[in-house]
Every structure is written in structure tokens, then in C-alpha cells.
Amino acid sequence: LNLYGCNLIRDVSMLGNVKSLDLSFCTGIQDVSMLGRCEKLNLTGCQNVYDVSALGRVQWLDLTDCTGVEDVSALGGVQRLELVGCHRVRDLTPVLNVPKLSPP
């Protein structure tokens, strides 16, 4: 499901069962805790997302330019993780074994 740039979206709880979801540049989104069952999740440019702890089972996770994200300790099970532009992330130790990792 591609919702790229849809700034009117604030509540994504009803999208929890979607397998592939593109929410890039949906700047109104803050709470992504209900999206942990997605297989592919693109949150590029979602600068108001801070807590990604519920996304540890997502297979492909793009957090490019999610400037609010600091803690990625729960994301060790992700297969592909994009963190480019996530400058607040300080400790990459928990995700160093991610097969495809693009660090900040």
C-alpha cells in the first residue's frame, strides 16, 4: 500500500495487517507501534516518529531521515535496515548483525 506523502494521516493503527506499506514523507505520523506485523515498511522522512521498538519483526525497514529516532536496540531481527540521516542514533551495536544495514 503506497501512501507516500499523505500528510493528512495521523493514525495508522488500522494499517497493522498490511504486509507492504510505504508511509514515506507522511509527516503527521508519530505512533508506529501497530505496524510491527508489516514485512516491508518505508518510513523515510517521517520526522515525528521517535519510538520504533515495536518494529523488530519487520523484514525490510527504511528509516531514512527519521531524525527523531534515537534507539534502535529492538531492531536486531530486521533483515534490511536503512538508517541514513538518523543522526540521533548513537549505538549501532544491537543492529550490527543485520544482513543489509545502511548506517546513519
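Numbers for residues simply follow the sequence, beginning at 1. Everything numeric in this text was worked out from a predicted model, so none of it was measured.
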- Query: So which heavy atom on D31 is nearest to which on V12, and how close?
  - Reply: O-CG2, 3.3 Å

- Note on the structure: Scanning both residues in full, the closest heavy-atom pair of C86 with D65 reads SG-N, 4.3 Å

- Item | Interatomic spacing from OH in Y50 to CD in Q30 - rounded to 0.5 Å | 7.5 Å

- Query: Within a strict 4.5 Å, meaning less than it, do heavy atoms of the L15 and M34 side chains meet?
  - Reply: no

- Message: Looking at G28, is its backbone amide N or carbonyl O close enough to the side chain of N48 to form a donor-acceptor pair, meaning the two atoms are under 3.5 Å apart?
- Response: no

- Let me know which of N42, L81, V32 forms a side chain to side chain contact (heavy atoms under 4.5 Å, CB included) with L63. L81

- Item | Atom pair CG (N2) and OG (S24), whose distance is rounded to the nearest 0.5 Å | 6.5 Å

- Query: With a 4.5 Å heavy-atom cut-off, do E70 and R90 have their side chains touching?
  - Reply: no

- Can you hop from L101 to V89 via hydrophobic side chains spaced under 4.5 Å? yes

- Side chains of T67 and Q47: donor-acceptor distance under 3.5 Å anywhere? no

- Item | Residues L83, L92; criterion side-chain contact (heavy atoms from CB on, under 4.5 Å); working and verdict | CA-CA 10 Å; L83 292 172; L92 291 175; 3.8 Å; yes

- Item | Straight-line distance of D62 CG to L43 CG, nearest 0.5 Å | 8.0 Å

- Item | Pairwise distance NZ(K19) to CD(E39) - rounded to 0.5 angstrom | 5.0 Å

